[in-house]
Structure formats: structure tokens, C-alpha cells
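Each chain gets a letter, A, B and so on, in the order the sequences are listed, and its residues count up from 1.
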Protein chains: 2
Amino acid sequence: MSEDSLFLRKLERFVSFSDDERALLKHHTRRTVQMPAKREIASEGQDPQYVHLIVSGFASRQKILEDGDRQIVAYLVPGDFCDLHVFILREMDHAISTLTPCTVAQLDSDDIAILCERPAIAKALWWSTLVDQSILREWLVNVGRRSAEERIAHLFCELMTRLRSVGLVDSENRFLLPVTQTELADTLGLTVVSVNRMIRNLRNQGMIALEGKQIVVRDVERLKAFSGFTDNYLHLDEKPPQRRGDRVAREEARNLSSV
Amino acid sequence: MSEDSLFLRKLERFVSFSDDERALLKHHTRRTVQMPAKREIASEGQDPQYVHLIVSGFASRQKILEDGDRQIVAYLVPGDFCDLHVFILREMDHAISTLTPCTVAQLDSDDIAILCERPAIAKALWWSTLVDQSILREWLVNVGRRSAEERIAHLFCELMTRLRSVGLVDSENRFLLPVTQTELADTLGLTVVSVNRMIRNLRNQGMIALEGKQIVVRDVERLKAFSGFTDNYLHLDEKPPQRRGDRVAREEARNLSSV
DNA sequence: CGTTATTTTGAGGATCTTCAACCATAGTGG
DNA sequence: CCACTATGGTTGAAGATCCTCAAAATAACG
């Protein structure tokens, strides 16, 4: 699958698209811009014009406190939509900022309107924001109730799982994580020093290895057990079982719409 | 306003309803159940049947870790919907549990379908879940980057603001907070001991006072400044300014639906 | 190849936790 | 009516985790 349709791979874990719908999605995400690292895609307080989709690169959702402290509240990886909420909550209460150089697709109000005429697409987009919400809950558990070392391990488990779902993890559980330790610290409610030491611990215990900006999870089961990771909150296995059948699912989707 | 339509007051901060729509909302939330304290409204792993609305009482969204630790990831106060996501994410990844005895309205799939046929209602429901998401982001900032004392102060500011929006705060900034210090600890990533001491600090500094289970914010500005609270993330002032006009808003709502 | 960003390490300290009581309150049953 | 129990709040002392400060080593970059 080509790089510019990773989001299709992600969404199709949840819904099945027709060729038609796939084409429509590709068409309305064709307008992209290149952004350098550490640049704001959307700013706090702003009334944004576009919905953004990360085509390549890593970005983050972040809040800055008065004292300059930063808390990263989400990682946006290739295939993720940044701000599907902008058409309801008109003022941004946080900023979206690139962590690395990014290719970002811009969808305007018309694009979204056309896409949402398709039930399967509308449902997939809502699914994606609800999963984001679920991830947020798990992050709160992470910083609220886990030790520094566990937090890092848990985040690595999550990223491995999310990146695998868009095909960015190789057979040896190796994936690119192009963020600095300072950024990890701002994500996990820790300091750089702590992050550095705890990563060292994980390496020394043979759970992970670093290869430049790549992380290799050497012992998946141990890393998961150590950090208490389960992937249920990512809701990745909704489609395969088809437990309630497509008919019911479509009916529900209709219920949720008709605005 | 009667107790059983606090959610109307909340939603109408954002959209205007016709008498018709108000009646419809009241009608489809008429089926209520009484629940004792510390009972699960919905359980993790479950495939839930109903969407729940808190009519009276306090409930929480929580996750339990393997070691029995608990993290509360949301407070659900009168007027809040608990689980609007259930028709898309079919498996609960967390539990919803009463903190006090509660009156809970149960809406089934048909209720939601009928309500969502009205654009204003559908939009209001999505607004409410997006605000929940925003609150979650701010909680992550709170636990990740603020001191114990600041976290408590911030939470009190938030609850005062949220409860005021449904008319549950009196003219002296007094409101009922029927949760134990243990529950506050599980909310803020702290221990009971810490919570107790920090609340004492806030009282000694004259920022708050306790009257049984009621909290009186004695110095709102100082409490806000101390905790770094701003209410932008609650998106409470969306309707009054009418900055973009009702026409545009309705058009956008239509875009987001049509599933 | 000099400059800047990032990672790493050490030492000391602060915040928050743990453990262990004790007190207050309210509900229960004899 | 009062001991009895359970729950929640409060306090003290000691310890652990994580932070702060500071500096060196390494990597990245024009």
C-alpha cells in the first residue's frame, strides 16, 4: 500500500469500503502540504479552516502551560486525522504541532460534507475520533497510576500496535519513533532524566533495543505484561468478527447521523 | 428548571432547541432507573444495550488495573450522557460506576435514532461527547504537569464551572461534591494522604472551605490563578456570541451527519 | 569542523507515598 | 440507649520515586 493511503488501511480495520468509497477518500485527501518539524498545524485559540490528515511523519496534540511546561496529549501518526471536531467545537483548545517533517492533507468543509454522505465513511470517521478518545483515557491511566518505567513501556506497546495497524512495523517488531526523549517526557509527565534512565532499564532488561530512532521490541510479551498493556482500548478488531452483522451496523450509523 | 431536565440546560448552552425538540428530548429520556451508590451502570468488556444519562447523582468513568489500582477518567454529573459511543465502539473499554445513589435515564437504540433525526439534537449530542474529550485532555495535563495541590484546585475549578452550567452552584460558589477523598485521589493520580493534606492547605490559605460534602470556593480568582484554570476547554460559550450564525452552524451539522 | 541539539551520568533534594495509627461520624443490632 | 462496626477523615514518621541542577559525552547538522 502506498504511503498516501495509510489512513485507508487504518479505517478499513473497522469498516469495509467499496472501490467507489476508496476512490472518493483518495480524491478528497489529495491536496497536501509539506511541513517542517516543530511547526504548528493548528494553534490554540484559532478558528480553523481545515481538517488535517497526517500522510507521513509524526505530529502531536499539545497544551502549553503558563510556566512554559508542555503536555503532549496525543501522538498523531500516519493515517490519523488531527481535528475532525473543528466543525462542532469551533475554537481550538490545544495546538497541533509537527514533531518531524510531515506531509499533511487538508480537507475543507466541502470535502468533509461529500465524504460524510457515505454512511461507511462517516461511520469510519466517527470511529476514529472515538478511538482517539479511548486512547486519551488510557493515557490518563498511564500517567495517573503507573511508574515511570511502566509508562514508557506502555507507550511503546501502544505505538507498536497502532503503527502495526498501518503497516509501519516490521517482522522483528521494529518501528520508527522519531521523537526526542524530551518529547517523551512531555508526553508521560516525567523529566528527560527519568525517561533516559528508564529507557536504559528497559534496554538492560532485554525488553527493547534502540537502533537510532528505531525501537525494536525484543520481548513483546514481557513488555506488555510489565506495563499492563492490552489492546482492547484501541478497538482494532471490530470488523473481522462482524458480530452484529453489517445490516445492524449500518442502521446504527444512520441513527447517529441525519443531522 | 426541574431536576429531570438539567441536561437540557446543559445542551442549550450550545444549541437552541424548539419547544418541539425539547419535548422530544424529555420524552425519550423519561425511562429512568434508581441506582444505589458504588454500582456499575456499565461494565468493561460488555456490549451495552443502552445509552445512559445522569439525571441526578454523581457517577464516574473508571479503569481498574491488574493490581487493583483504580483510575477515574471522568466525573459524570447531572445532565451528562455516559456512553454515547456505544453504537460505534461496541465493546466497553472501561466501566461506568455510580459514586452516589443516582437516577439514570436509559435510552435505547430507537430513542437515539429518533432524537438524531433532529439536526439540532444530533449536533448537541456530538458537542457533548467532544467536550468530554476536551475535558479528558485537560485532565491529562492536570495529572501530567501540575503539583498535587494544583491538581485539586484545578479539579475544583472545573467542577464549579460545570455544575454552574447546570445550575447546581449557589451565589456563594457553593456546590455539592459527594465524593470521598479516596475517590479524589484515584482521579488525580495521588494518594488519599496527599489529597487530605493538600485540601487542608487550600483551606488554610482561604481559597476554599468545606461544609460537609459541599465545597465553597472562597476566592475564585485566586483558586483559578493558582491552578492555571481557564474555562476555554469546556466550550461553554459557543452559542451566545453566534459568531458564525445559525445558518452556517446548521450547514456544518448536516455535513457531519448524513450517514 | 564548529555549533547546536540530544543523550547520558552523577549527586542531592523535594514531593509524594507508604505504613501505621487515631479520631469522627453514622448506621446497626442487642 | 449504647456498645459495636464500618467508613471516611486526619496526622506523624520514614522512605522511595522522581526531580533539579549541573556537566560531560555523543550525535546531528549546516
*Asks:* In whole angstroms, how far is the P atom of C:dT7 from the CG atom of A:L177?
*Replies:* 10 Å

*Asks:* Show me the side-chain donor-acceptor pairs of residues 222-229 of chain B shorter than 3.5 Å, one per line, residues at least two apart or across chains.
*Replies:*
{"residue": "B:R222", "atom": "NE", "partner": "B:D219", "partner atom": "OD2", "Å": "3.1"}
{"residue": "B:R222", "atom": "NH1", "partner": "B:Q205", "partner atom": "O", "Å": "3.4"}
{"residue": "B:R222", "atom": "NH2", "partner": "B:Q205", "partner atom": "O", "Å": "2.5"}
{"residue": "B:S227", "atom": "OG", "partner": "B:L223", "partner atom": "O", "Å": "2.9"}
{"residue": "B:S227", "atom": "OG", "partner": "B:K224", "partner atom": "O", "Å": "3.4"}

*Asks:* Salt bridge check: are A:K10 and A:D80 linked by an N-O gap of less than 4.0 Å?
*Replies:* yes

*Asks:* Quick one: do the A:S97 and A:E40 side chains pair a donor with an acceptor below 3.5 Å?
*Replies:* no

*Asks:* Side chains of B:C82 and B:I54, heavy atoms from C-beta outward: is any pair under 4.5 Å?
*Replies:* yes

*Asks:* Would you list the protein and nucleotides 26-30 of chain D atom pairs, both N or O, that sit under 3.5 Å from each other?
*Replies:*
none

*Asks:* Calculate the interatomic distance between A:L190 atom CG and D:dC18 atom P; express it in whole Å.
*Replies:* 7 Å

*Asks:* Short question: side chain of A:T103, backbone of A:S56 - any donor-acceptor pair under 3.5 Å?
*Replies:* no

*Asks:* Can you find a heavy atom in the side chain of B:L163 that is under 4.5 Å from one in the side chain of B:V77?
*Replies:* yes

*Asks:* Summarise how protein sits on nucleotides 20-29 of chain C as a single string, 5' to 3': B when a protein heavy atom is under 4.0 Å from the base, S for sugar-phosphate-only contact, - for no contact.
*Replies:* ----------

*Asks:* Would you kindly give the CZ-to-C1' distance between B:R151 and C:dT17, to the nearest whole Å?
*Replies:* 12 Å

*Asks:* When the C1' atoms of the five terminal pairs at each end define the local axes, what inter-axis angle does the helix from C:dC1-D:dG30 to C:dA21-D:dT10 show, to 10 degrees?
*Replies:* 50°

*Asks:* Expressed in angstrom and rounded to an integer, what is the separation of A:R145 atom CZ from D:dC18 atom P?
*Replies:* 13 Å

*Asks:* Quickly work out the A:L184 CG to C:dA5 P distance and round it to whole Å.
*Replies:* 19 Å

*Asks:* I want to verify a distance call: between D:dC18, D:dT10, C:dT7, whose nearest atom is closest to the A:S147 side chain?
*Replies:* D:dC18

*Asks:* Looking only at atom types and distance, does a side-chain atom of A:Q71 sit under 3.5 Å from a main-chain N or O of A:D186, one as donor and one as acceptor?
*Replies:* yes

*Asks:* Hey, does A:E138 have a side-chain heavy atom less than 4.5 Å from the side chain of B:V73?
*Replies:* no

*Asks:* Would the distance check show the side chain of B:R145 and the main-chain N or O of A:R70 forming a donor-acceptor pair, the cut-off being under 3.5 Å?
*Replies:* yes

*Asks:* I want to check one thing: is the phosphate of D:dC19, taken as OP1 and OP2, less than 4.0 Å away from some side-chain N or O of A:S194?
*Replies:* yes

*Asks:* Which residues in residues 196-210 of chain B have a heavy atom closer than 4.0 Å to any atom of DNA chain D?
*Replies:* B:N196, B:R197, B:R200, B:R203

*Asks:* Under 4.0 Å between a side-chain N/O of B:K38 and OP1 or OP2 of D:dT7, yes or no?
*Replies:* no

*Asks:* C:dT17 C1' sits how many Å from A:R146 CZ, rounded?
*Replies:* 19 Å

*Asks:* Which whole-number value in Å describes the distance from B:D67 CG to C:dT17 C1'?
*Replies:* 14 Å

*Asks:* Under 3.5 Å, side chain of A:E44 to main-chain N/O of A:A42, donor-acceptor pair present?
*Replies:* no

*Asks:* Are the side chain of A:E183 and the backbone N or O of A:T180 linked by a donor-acceptor pair below 3.5 Å?
*Replies:* yes

*Asks:* For the pair B:R39 (side chain) and B:T98 (backbone), establish whether a donor and an acceptor sit closer than 3.5 Å, ignoring hydrogens and angles.
*Replies:* no

*Asks:* Can you see whether A:D93 engages B:S134 through a side-chain donor-acceptor pair at a distance of less than 3.5 angstrom?
*Replies:* yes

*Asks:* Expressed in angstrom and rounded to an integer, what is the separation of A:D69 atom CG from D:dC18 atom C1'?
*Replies:* 15 Å

*Asks:* By ring-ring contact (aromatic ring centres under 6.0 Å, His included), which residues pair with A:Y75, not counting sequence neighbours?
*Replies:* A:W139

